[in-house]
Amino acid sequence: MDDLSPNSSSSITPERSALMARVKGKHTKPEVVVRKAVHGLGLRFRLHQANLPGKPDLVLRKSQTVVFVNGCFWHRHANCRMCSTPKSRTEFWNAKFEANVARDNRNYELLALAGWNVVVVWECETRDQDRLDRILRSNLLDHRSAGGFEVTSVQEALDRGT
């Protein structure tokens, strides 16, 4: 093992701690790409509203819609090449990933039950601008002109974002 991959019986090294501290949670490149695209559609939003479950990346109050920009690795995007599992400490990583997905689903459900429309944009979807524009238009503009839409289940919220 290298110096950055401690085994489960040792403590986290200062090098590993410094590496993980550089992993951003806000204002990531995929998030900035989505923000620019949504702004380009003429929509205005707030960022990271702490009073909502999961602190959505974008909050569009007028349409009661929240947008999460999820990293494929951390949030386990199904059938995505960017969704891999590290070869070392697999039990640790699998438990972490399962907790992330459970927390995401719980937050989506709480938001949907509170009347929010939930849109999930995956990191890999931000790499293709045409695909991203289609996703955002269908989830943000098409429903707005039709008088809004209502998420009735967590699965519907998840399906809407994929």
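All values below were derived from every heavy atom in this structure, side-chain atoms included, with hydrogens, water molecules and symmetry-related copies excluded.
- Residues Cys83 and His77 approach most closely at CB-O, 3.3 Å, considering heavy atoms.
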- request: Apply side chain to side chain contact (heavy atoms under 4.5 Å, CB included) to the pair Trp74 and Asn100, showing each step before the final yes or no.
  value: CA-CA 7 Å; Trp74 294 107; Asn100 286 352; 4.2 Å; yes
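- A heavy-atom distance below 4.5 Å is found between the side chains of Trp116 and Val59.
- Note that SG of Cys124 and CZ of Arg131 are 5.5 Å apart. Values are rounded to the nearest 0.5 Å.
- Put simply, the side chain of Arg137 does not reach to within 4.5 Å of the side chain of Arg134, judged on heavy atoms.
- Shown here for Asn117 and Ser63, the closest heavy-atom pair between the two residues is ND2-O, 2.9 Å.
- Side-chain contact between Leu132 and Asp128: absent, with no pair of heavy atoms (C-beta onward) separated by less than 4.5 Å.
- Follow the hydrophobic side-chain contacts under 4.5 Å out from Val101 and you never reach Tyr108; the two are in separate clusters.
- Heavy atoms from other residues, nucleotides or ligands lying under 6.0 Å from CG of Asn51 number more than 12.
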message: Evaluate Leu60 against Val66 for side chain to side chain contact (heavy atoms under 4.5 Å, CB included), listing each step before the verdict.
response: CA-CA 6 Å; Leu60 295 88; Val66 296; over 6 Å; no
task: Go through the steps for Arg89 and Lys96 under the test side chain to side chain contact (heavy atoms under 4.5 Å, CB included), then give the verdict.
output: CA-CA 11 Å; Arg89 303 179 68 209; Lys96 180 159 186 61; over 6 Å; no
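- Under the ring pair (Phe, Tyr, Trp, His ring centres under 6.0 Å) criterion, Phe97 pairs with Phe73, Trp93, not counting sequence neighbours.
- Counting heavy atoms from C-beta outward, His48 and Glu31 have side chains that approach closer than 4.5 Å.
- Hydrophobic clustering (ILVMFWY, side-chain heavy atoms < 4.5 Å, transitive): Leu41 and Leu58 are in one cluster.
- Pairing each heavy atom of Val69 with each of Asp57, the nearest pair is N-OD2, 2.6 Å.
- For Arg61, the CZ atom is densely surrounded, since the number of other residues' heavy atoms within 6.0 Å is greater than 12.
- For the atom pair CG of Asn79 and SG of Cys72, the computed distance is 11.5 Å after rounding to the nearest 0.5 Å.
- Scanning all heavy atoms of the two residues, the minimum distance from Glu123 to Thr126 falls at O-OG1, 2.6 Å.
- When the side chains of ILVMFWY residues are joined at heavy-atom separations under 4.5 Å, either directly or via intervening members, Val67 and Leu47 end up in a single hydrophobic cluster.
- When only modelled atom types and interatomic distance are considered, Gln129 and Asp133 share a side-chain donor-acceptor pair under 3.5 Å.
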- request: Would you check, one step at a time, whether the test side chain to side chain contact (heavy atoms under 4.5 Å, CB included) holds for Val121 with Asn70?
  value: CA-CA 6 Å; Val121 177; Asn70 285 350; over 6 Å; no
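- Residues Asp104 and His75 come closest through the heavy atom pair OD2-ND1, 2.6 Å.
- Residue Arg81 qualifies as open at atom CZ: its count of foreign heavy atoms under 6.0 Å is 12 or below.
- With hydrogens and angles ignored, the 3.5 Å screen pairs a side-chain donor or acceptor of Glu125 with a backbone N or O of Trp122.
- Looking at His39 and Arg44, their side chains come closer than 4.5 Å, going by heavy atoms from C-beta outward.
- If you chain together hydrophobic residues whose side chains sit under 4.5 Å apart, Val32 and Val119 never meet in one group.
- What you find for Pro53 and Leu110 is that their closest heavy atoms are CG-CB, 3.9 Å.
- Residues Val118 and Asn107 are not in side-chain contact: their nearest non-hydrogen atoms beyond the backbone lie 4.5 Å or more apart.
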